[in-house]
Amino acid sequence: MTLQRTQDILADLIAFETVSADSNLQIISYLRDRLQALGARCIETRDDTGTKANVFASIGPDIPGGILLSGHTDVVPVADQNWTSDPFLMTEKDGRLYGRGTCDMKGFIAAALALAETLDARKLTQPLHFAFTYDEETGCLGAQNMVNDLSERGIVPDIAIIGEPTEMCLIEGHKGCYEYTTRFVGLEGHSSAPDDGVNAAEYAARYVGKLLELRQILKSRAPTSSPFEPPWTTINVGFFNSGVAHNVIASKADVGWEMRPVQASDADFVKQTLSDYVTQGLLPEMQAVHSEASITQDITAEVAGLEPMEENAARKLVAELTGANGTGVVSFATEAGLFQQLGTHAIVCGPGSITQAHKADEYVEIEQLDLCCRMLDRLGQRLTS
């Protein structure tokens with residue numbers, strides 16, 4: 001019964017073309033309306049444009065704590081992908097459900113909503129919360145907005161289950177994902193008189209050199225018990241854009257880079273070291289020649305990692321619900337670390353495989369969806385017994 005209901009809801013969700021570049025208001029309205037029909041208490045938060053929204057909903061007693069089921073509503077683009085079926089029309093074939101977002105991660109959202117519609121909220125012994133967010137694929141922007149709002153309201157669920165596709169395995173850790181573009185503005189001029197200008201490309205190159213130096217230092221900071229591969233925080237330089245011609249001093253340069261921290265202290269170390277390098281070294285040199293020279297930084301994402309915890313109530317609960325006797329870590333980032341920062345015990349567990357995400361002909365196995373429904377059914381039984 002719950003599986004069929006989940007499939008029906010999933011078909012509705014797939015039909016919403018919630019590519020991150022577009023608005024998600026229609027799918028949020030759909031989810032909010034169905035939850036409010038059950039008597040849910042709903043909180044909606046929007047981005048600065050008003051075209052993106054989260055919904056946080058609660059059923060059951062209005063008391064502290066509770067269990068949170070979390071998923072993101074946005075999906076990656078289908079442009080330039082060779083799909084064999086309409087990506088926004090769910091298609092069933094050979095025990096699989098095809099469509100953009102079936103595994104990443106509307107399948108879990110559908111199962112969570114189906115659970116809500118089978119429960120008698122009056123019998124719940126603690127709150128059951130639902131968190132549906134925008135722009136996870138572009139930096140977990142919606143979840144950051146939501147977590148800040150929940151913190152201000154003093155709402156801290158005890159446990160969060162983030163239903164990213166893990167083939168229903170328990171994931172208790174992943175690295176963070178911090179992405180930046182550092183921008184350099186100097187002073188152009190003729191290359192025959194380099195001292196009369198401020199070469200943004202050269203200062204950007206020195207900045208990249210500092211990043212590479214830090215990358216080596218971070219290897220020595222790896223925790224001895226780190227479960228990740230590699231076990232240390234990594235830094236990657238993704239792009240370097242500068243210059244217009246061989247004989248012109250470059251007046252602008254952009255460096256795109258990221259780090260994947262295994263621990264929050266590494267992120268703090270990198271950011272502070274770079275800040276000191278810029279304010280005490282590079283920038284004074286640049287402004288000594290041209291007072292309007294600048295170095296600024298755009299933050300694309302600062303997504304906290306999910307740090308494995310010795311005591312984790314979420315891990316214990318989901319292990320009991322699924323019968324799993326082991327946990328793991330993954331290389332991809334999720335919203336789980338943000339909820340952990342809120343003070344919530346978090347675990348990542350959901351239907352489908354990450355190897356199917358973001359590809360043409362994305363699918364979720366119906367068997368995987370059934371396993372998820374069974375887990376959530378057991379959760380519902382526990383919360384109403």
Side-chain angles (χ1 to χ4, degrees), residues 138-141 143-144 147-148 173-187 198-243 250-309 329 331-338 340-341:
T138 56
C140 296
L141 305 181
Q144 292 181 65
V147 166
N148 290 338
H174 61 72
K175 295 183 180 183
C177 182
Y178 290 52
E179 299 179 353
Y180 305 95
T181 300
T182 307
R183 304 187 187 280
F184 298 77
V185 176
L187 178 65
V198 177
N199 195 313
E202 293 179 3
Y203 283 96
R206 289 168 60 182
Y207 187 86
V208 170
K210 177 59 74 171
L211 288 172
L212 299 181
E213 178 186 320
L214 284 168
R215 185 164 72 181
Q216 291 303 117
I217 293 172
L218 288 167
K219 292 181 179 181
S220 66
R221 291 174 58 96
T224 55
S225 59
S226 175
F228 299 104
E229 180 57 42
W232 52 78
T233 293
T234 58
I235 288 179
N236 178 66
V237 178
F239 63 83
F240 188 120
N241 299 326
S242 184
S251 63
K252 295 182 180 180
D254 293 339
V255 176
W257 61 281
E258 66 147 34
M259 61 174 161
R260 304 247 170 180
V262 300
Q263 51 193 352
S265 59
D266 282 353
D268 293 340
F269 166 70
V270 169
K271 290 195 291 184
Q272 187 60 55
T273 301
L274 289 172
S275 176
D276 292 344
Y277 184 60
V278 167
T279 59
Q280 299 173 21
L282 299 184
L283 192 56
E285 288 184 30
M286 296 170 69
Q287 292 181 338
V289 178
H290 179 53
S291 62
E292 296 183 8
S294 64
I295 302 174
T296 58
Q297 187 155 273
D298 295 342
I299 301 174
T300 302
E302 287 189 335
V303 182
L306 177 62
E307 297 191 23
M309 300 167 57
V329 298
S331 57
F332 59 87
T334 78
E335 296 172 335
L338 294 168
Q340 187 180 65
Q341 284 190 328

Heavy-atom closest pair, residues [X] and [Y]:
{"X": "Ser242", "Y": "Ala201", "answer": "OG-CB, 3.3 Å"}
{"X": "Tyr277", "Y": "Tyr207", "answer": "CE2-CA, 4.2 Å"}
{"X": "Met286", "Y": "Val185", "answer": "CE-O, 3.5 Å"}
{"X": "Val147", "Y": "Leu338", "answer": "CG1-O, 3.8 Å"}
{"X": "Val329", "Y": "Pro227", "answer": "CG2-O, 3.6 Å"}
{"X": "Leu306", "Y": "Ala336", "answer": "CD2-CB, 3.9 Å"}

### Query
When you measure from the side chain of Glu179 to the backbone N and O of Thr300, does any donor-acceptor pair fall under 3.5 Å?
no
### Task
Give a yes or no on whether the backbone of Ala222 and the side-chain of Ser226 come within a donor-acceptor separation of less than 3.5 Å.
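Not a single qualifying donor-acceptor pair exists.
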### Ile295, Val255, Asp254 screened by side chain to side chain contact (heavy atoms under 4.5 Å, CB included) with Arg183, the one that passes
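With Arg183 as partner, side chain to side chain contact (heavy atoms under 4.5 Å, CB included) holds for just one option, Asp254.
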### Query
Atom OH in Tyr178, atom CD1 in Ile235: separation rounded to 0.5 Å?
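Spacing of OH (Tyr178) from CD1 (Ile235) equals 12.5 Å.
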### Query
How long is the span from the CG atom in Leu211 to the CG atom in Asn236, to the nearest 0.5 Å?
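Answer for the CG-CG pair, Leu211 versus Asn236, is 10.0 Å.
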### Task
Answer yes or no: is there an ion pair linking Glu302 with Lys271, defined by an N-O contact shorter than 4.0 Å?
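Answer for the salt bridge query: yes.
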### Task
Decide, yes or no, whether a salt bridge links Lys175 with Glu307 under the criterion of side-chain N to carboxylate O below 4.0 Å.
no
### Task
Consider only side-chain N and O atoms of Thr334 and His174, and report whether a donor and an acceptor are under 3.5 Å apart.
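Present: a donor and an acceptor within the cut-off.
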### Message
Can you confirm whether the side chains of Asp276 and Gln272 place a donor and an acceptor under 3.5 Å from each other?
### Response
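Yes, side-chain donor-acceptor contact under 3.5 Å.
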### Query
Among pairs that include at least one residue of residues 255-266, which meet side chain to side chain donor-acceptor pair (under 3.5 Å), considering only residues two or more places apart or in two chains?
Thr182-Trp257, Arg221-Asp266, Thr233-Asp266, Glu258-Arg260, Gln263-Asp266
